[in-house]
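Following: one structure in structure tokens, then a few remarks.
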Amino acid sequence: MKKVLFVCLGNICRSPAAHGVLLSMIEKEGLKEQVGVDSAGTSNAHVGHKPDRRMSTAAKHRGILLESRARQFDRSDFENFDLVVVMDQSNYDSCKAVALKREHLEKLTLMSEFTPSFKQKDIPDPYYGEEDGFELVLDMVTEGCENILKKLNNG
Ligand code: 4NP
């Protein structure tokens, strides 16, 4: 089984969205035995919280349930996951700072590596913005998750 961890700042908006979208694809495509998924935040500010209601509502309109509870990213995640996919450069820097070995860094990647049709290098943080920010997150992570599954299927 290949395991993917999505990481953002709070683990209540972007990474839970990616988590829910990939889980939905895994279920639809019958890949539960092959691909595992979780999410985490670099900050501990929202530990134990459900996803932000605005994010959950936007996802629900697309038929996707967000059921994660926020937890903080930990160095052990580099051991337990095959791919650590961060939403922006700040998340990248935070995770890089706790990496101990080259193998850890080799697992770390920006979500935008998997979203070639968007020009943004960061998945924009929607927390202080308007509703359309949550839709953009879903659009971007949906393309990203499709490409992550393709990469995992190809080896
Ligand atoms: P996320 O969004 O990193 O996508 O979960 C945020 C959630 C909370 C905060 C910032 C971003 N905050 O400042 O509390």
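Whatever order the structure lists them in is the order used to number ligands and atoms, beginning at 1.
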salt_bridge(Glu79, Lys107) N-O dist < 4.0 Å = no

N-O pairing of Glu135 and Arg62 below 4.0 Å = yes

query = If you take all heavy atoms of Ala99 and Leu105, which pair is closest and at what distance?
reply = CB-CD2, 3.9 Å

query = Between Asp88 and Asn91, does any side-chain donor sit less than 3.5 Å from a side-chain acceptor?
reply = yes

query = Do other residues, nucleotides or ligands put more than 12 heavy atoms under 6.0 Å from Glu103 CD?
reply = yes

inquiry  = Enumerate the ring pair (Phe, Tyr, Trp, His ring centres under 6.0 Å) contacts for residues 82-118, please, sequence neighbours excluded, ordered by first and then second residue.
reply    = Phe78-His104

Expected rows: ligand 1 N/O, protein N/O, dist below 3.5 Å:
unit_1   : atom_1 : unit_2 : atom_2 : d
ligand 1 : 2 (O)  : Asp125 : OD1    : 3.4
ligand 1 : 3 (O)  : Leu9   : N      : 2.9
ligand 1 : 3 (O)  : Gly10  : N      : 2.9
ligand 1 : 3 (O)  : Arg14  : NH2    : 2.9
ligand 1 : 4 (O)  : Arg14  : N      : 2.9
ligand 1 : 4 (O)  : Arg14  : NE     : 2.8
ligand 1 : 5 (O)  : Gly10  : N      : 3.4
ligand 1 : 5 (O)  : Asn11  : N      : 3.3
ligand 1 : 5 (O)  : Ile12  : N      : 3.0
ligand 1 : 5 (O)  : Cys13  : N      : 3.0
ligand 1 : 13 (O) : Tyr128 : OH     : 3.3
ligand 1 : 14 (O) : His46  : NE2    : 2.8

